[in-house]
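Contents: one structure, followed by commentary.
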Amino acid sequence: MWTDPDRHPYLIFVEKEPAGFAIVHWTGKDYDMEQFFVMRKFRRTGLGRAAAYRLFDMFRGPWGIEQITSNTVAQAFWRNVISGYTDDDFEDTLGDDPMQSFVS
């Protein structure tokens with residue numbers, strides 16, 4: 001059973017088939033997409049974008065989504081998704097681990 005009240009796990013389905021998962025974490029100052037995964041066969045279908053938008057809408061407030069520097073695919077995905085969601089109204093912090101900050 002999930003017991004951490006600051007972490008919110010979600011399964012992503014396409015019809016009745018599991019397609020991925022996400023964990024949203026309230027850090028005390030903002031929401032973080034702690035984990036986000038879409039199965040390869042469902043990538044590039046719009047599913048990840050739709051799931052992210054839904055989570056942003058469910059958890060209103062400040063967000064900070066960080067990626068590992070070497071994961072350039074994740075960086076491109078999150079920049080694209082967040083840019084679309086916010087109409088380019090976000091801060092992109094480069095550094096050891098890139099992060100996008102915005103308010104949903």
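Residues Val73 and Phe42 do not share a hydrophobic cluster, clusters being chains of Ile/Leu/Val/Met/Phe/Trp/Tyr side chains in contact below 4.5 Å. Residues Phe37 and Phe77 are members of one and the same hydrophobic cluster, defined by side-chain heavy-atom contacts under 4.5 angstrom among Ile, Leu, Val, Met, Phe, Trp and Tyr. Trp26 and Val103 are members of different hydrophobic clusters when ILVMFWY side chains are connected at heavy-atom separations under 4.5 Å.
Looking at every heavy atom in both residues, Ala22 comes nearest to Phe36 through CB-CD1, 3.8 Å. The shortest heavy-atom contact between Ile12 and Ala51 is CD1-CB, 3.8 Å. Here the closest non-hydrogen pair linking Arg7 and Asp4 is NH1-OD2, 2.6 Å.
Checking Asp88, Asp92, Ile82 one by one against Phe102, the side chain to side chain contact (heavy atoms under 4.5 Å, CB included) holds for a single residue, Ile82. The side chain to side chain contact (heavy atoms under 4.5 Å, CB included) test with Met33 singles out one residue from Val24, Val81, Ile23, and that residue is Val24.
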Pair Ser101-Trp63, side-chain contact (heavy atoms from CB on, under 4.5 Å): steps then yes or no: CA-CA 6 Å; Ser101 303; Trp63 281 81; over 6 Å; no
Would you please test Leu47 and Val14 for side-chain contact (heavy atoms from CB on, under 4.5 Å) and show each step? CA-CA 8 Å; Leu47 177 68; Val14 171; 3.7 Å; yes
For side-chain contact (heavy atoms from CB on, under 4.5 Å), just list the numbers for Tyr10 and Leu55, CA-CA rounded to whole Å, side-chain angles, deciding distance to a tenth of an Å, and then say yes or no. CA-CA 9 Å; Tyr10 293 91; Leu55 291 167; 3.7 Å; yes
Should Tyr85 and Arg49 be marked as a side-chain contact (heavy atoms from CB on, under 4.5 Å) after you check the CA-CA gap, both sets of side-chain angles, and the distance that decides it? CA-CA 9 Å; Tyr85 183 81; Arg49 174 183 297 272; over 6 Å; no
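Here the side chain of Ser104 pairs a donor or acceptor atom with the backbone of Gly61 at under 3.5 angstrom. At distances below 3.5 Å, not a single donor-acceptor pair connects side-chain atoms of Gln75 with backbone N or O atoms of Met99.
In the model, Asp6 has no side-chain atom that pairs as donor or acceptor with a side-chain atom of Tyr31 under 3.5 Å. With no hydrogens or angles considered, a side-chain donor-acceptor pair links Thr27 and Asp30 at under 3.5 Å. Gln67 and Gln100 share a side-chain donor-acceptor pair at under 3.5 Å.
In Arg44, the CZ atom is not crowded: 12 or fewer heavy atoms of neighbouring residues, nucleotides or ligands sit closer than 6.0 Å. Summarising the local packing, CZ of Arg54 is surrounded by 12 or fewer heavy atoms from other residues, nucleotides or ligands at distances under 6.0 Å.
Rounded to the nearest 0.5 angstrom, Thr86 OG1 and Glu91 CD are separated by 12.0 Å. Atom NZ of residue Lys41 and atom CE of residue Met39 lie 6.0 Å apart, to the nearest 0.5 angstrom. In this structure, the separation between NE2 on His25 and CG on Asp32 is 7.5 Å, given to the nearest 0.5 Å.
Taking the six-membered ring where tryptophan is involved, the planes of His8 and Phe59 are tilted, since the angle between them lies from 30° to 60°. In this structure, Trp78 and Phe56 have tilted ring planes: the angle between them lies in the 30° to 60° band.
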